[in-house]
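To start, the structure itself, in structure tokens.
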Protein chains: 2
Amino acid sequence: MRHRVSIAAKLEELERLCREHGLPLTVQRRAVLEALMQRHDHPTADQVAEDVALRLPGVSRTTVYRVLDTLVRINIARKVCHPGAAARFEVESHRHHHLVCVECGHMIDLEDSRLDELPFPESEVHGFQLTDYSIQFRGTCAACGRKSGAAKPEIPLHQRRRERNPSQTGKNS
Amino acid sequence: MRHRVSIAAKLEELERLCREHGLPLTVQRRAVLEALMQRHDHPTADQVAEDVALRLPGVSRTTVYRVLDTLVRINIARKVCHPGAAARFEVESHRHHHLVCVECGHMIDLEDSRLDELPFPESEVHGFQLTDYSIQFRGTCAACGRKSGAAKPEIPLHQRRRERNPSQTGKNS
DNA sequence: CTGCCTGCAAACGATTTGCACCAGC
DNA sequence: GCTGGTGCAAATCGTTTGCAGGCAG
């Protein structure tokens, strides 16, 4: 069990963040965050929903999806990239990394020789046979240009929806 | 336009890889690879399908999906993780990285202080405001334990399917 | 000639949305 | 009480699968 941050502390953080963002602190939000914290893997929304259902029956799957979305928005949770779920492709080539906009998902390649020779971790302890790596830098793209603190979003949080139109990605060179 | 590797060279590589894997070299495979190479963003399968449709009308979306899958399998293309498409969550906490199995998608956390202070790239040129990063180490997990060269897969390439059951991810600590 | 690949259409699973009701502040 | 959150069910989107015929080797 690895608890860098206690669940209680995180719940307080949730409370604070909700207040800052003017979001009601609902039992569902609390339950989803608790459920997420008790798993140390990277559960899918549905897995979280299952866990939530155990501690707070009656919470709908839809709500879990929405709450997770909110938690990500207020920066208390994060969506993890996963090849099994990903849907974007590139040609396999030289080592490079990605700049990813957490707002809209816009993503561009990055090459930086300083980052090309990182030490490989002792993956053997995990039974992993590593062959490659790439770094994902998270932030805000020019278009989204959000204040990094997210203190006062132009658009109310609950109205913002993840950018879904992948055509935007086409604007990089 | 950045072409580290010429399209022609990649097509030759495709030819070679197909031969090595005992896969027929079809016009569709060629077309999909070409389409993918001509984009420098990270297109979705559907976007690739659109491009392919322009140069080789009549290629079905299904085929594009299958071909992309094949290209990834023979290591000439890669699925890129993308938050907009991902479906796994974790609590936002200290910096950590991920070991990801390219076979089954199994993913575990990794902490390595050597990797915690990487230099941030000159993201301003791209208009990005970076706040964080995480490294994705790709490889093969213990369970999959594939020979990294993929020279002689136990299971014929065309029969292998990506592991889709997320419950496996639950086995890490 | 044989087997894999492709195209089509239907199936599928995950996620999102519209609407009415309920709860937090 | 007002505003936004939630639940339900239906819609949607991306992706996969079964099957018959076509093409590469």
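To find a chain, count down the sequence lines: A is the first, B the second, and so on, and within it residues start at 1.
For H42(A) and H40(A), the gap between ring centers reaches or exceeds 6.0 Å. Taking the six-membered ring for Trp and the full ring otherwise, F120(B) and F137(A) have centroids separated by under 6.0 Å.
Over its length, the helix from dC1(C)-dG25(D) to dC25(C)-dG1(D) turns its helix axis by 50°, as judged from the five terminal pairs at each end, rounded to 10°.
In this structure, R19(A) places its CZ atom 18 Å from P of dG4(D), rounding to the nearest Å. Note: NE2 (H21(A)) to C1' (dT3(D)) measures 18 Å, nearest angstrom. The CZ-C1' distance, from R30(A) to dG5(D), rounds to 14 Å in whole Å. Atoms CG (D69(B)) and P (dC4(C)) sit 17 Å apart, rounded to a whole Å. Going from atom CD of E50(B) over to atom P of dG14(D) covers 10 Å, rounded to whole Å. Atom CG of L56(A) and atom P of dA23(C) are 13 Å apart (whole Å). Distance, Q47(B) CD to dT15(D) C1': 15 Å, rounded to whole Å. If you measure from atom CZ of R73(B) to atom P of dT16(D), you get 10 Å, rounded to the nearest angstrom.
In this structure, the nucleotide among dC8(D), dT16(C), dT15(D) sitting nearest to the side chain of S60(A) is dC8(D).
Side-chain nitrogen and oxygen atoms of Y65(A) include at least one within less than 4.0 Å of the OP1 or OP2 phosphate oxygen of dT15(C). When the side-chain nitrogen and oxygen atoms of Q28(A) are compared with OP1 and OP2 of dG24(C), none of them lie within a distance under 4.0 Å.
Residue whose closest nucleotide on DNA chain C sits further toward the 5' end, between R61(B) and G22(B): G22(B).
The two atoms that bring I76(B) and K10(B) nearest to each other are CD1-O, 3.7 Å, heavy atoms only.
Partners of S60(B) by side-chain hydrogen bond (donor to acceptor under 3.5 Å, both in side chains), not counting sequence neighbours, listed by chain and number: T63(B). Looking at residues two or more places apart in sequence or on another chain, you find no side-chain hydrogen bond (donor to acceptor under 3.5 Å, both in side chains) involving E12(A). When the side chain to side chain contact (heavy atoms under 4.5 Å, CB included) test is applied to A53(A), no partner is found at least two apart in sequence or on another chain. The salt bridge (charged side-chain N to carboxylate O under 4.0 Å, His left out) search around E50(A) returns none, not counting sequence neighbours. By the side-chain hydrogen bond (donor to acceptor under 3.5 Å, both in side chains) test, R95(A) pairs with D132(A), Y133(A), sequence neighbours left out.
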Let me check something: any side-chain donor-acceptor pairs from residues 22-37 of chain B under 3.5 Å, sequence neighbours excluded? List them with distances.
{"from": "T26(B)", "atom 1": "OG1", "to": "R29(B)", "atom 2": "N", "distance (Å)": "3.1"}
{"from": "R29(B)", "atom 1": "NH1", "to": "P24(B)", "atom 2": "O", "distance (Å)": "2.5"}
{"from": "E34(B)", "atom 1": "OE1", "to": "R55(B)", "atom 2": "NH1", "distance (Å)": "3.3"}

Practice task
Do nucleotides 18-25 of chain D as a string where each nucleotide becomes B, S or -: B if the base has a protein heavy atom under 4.0 Å, S if just the sugar-phosphate does, - if no protein is that close.
Solution key: B-----SS
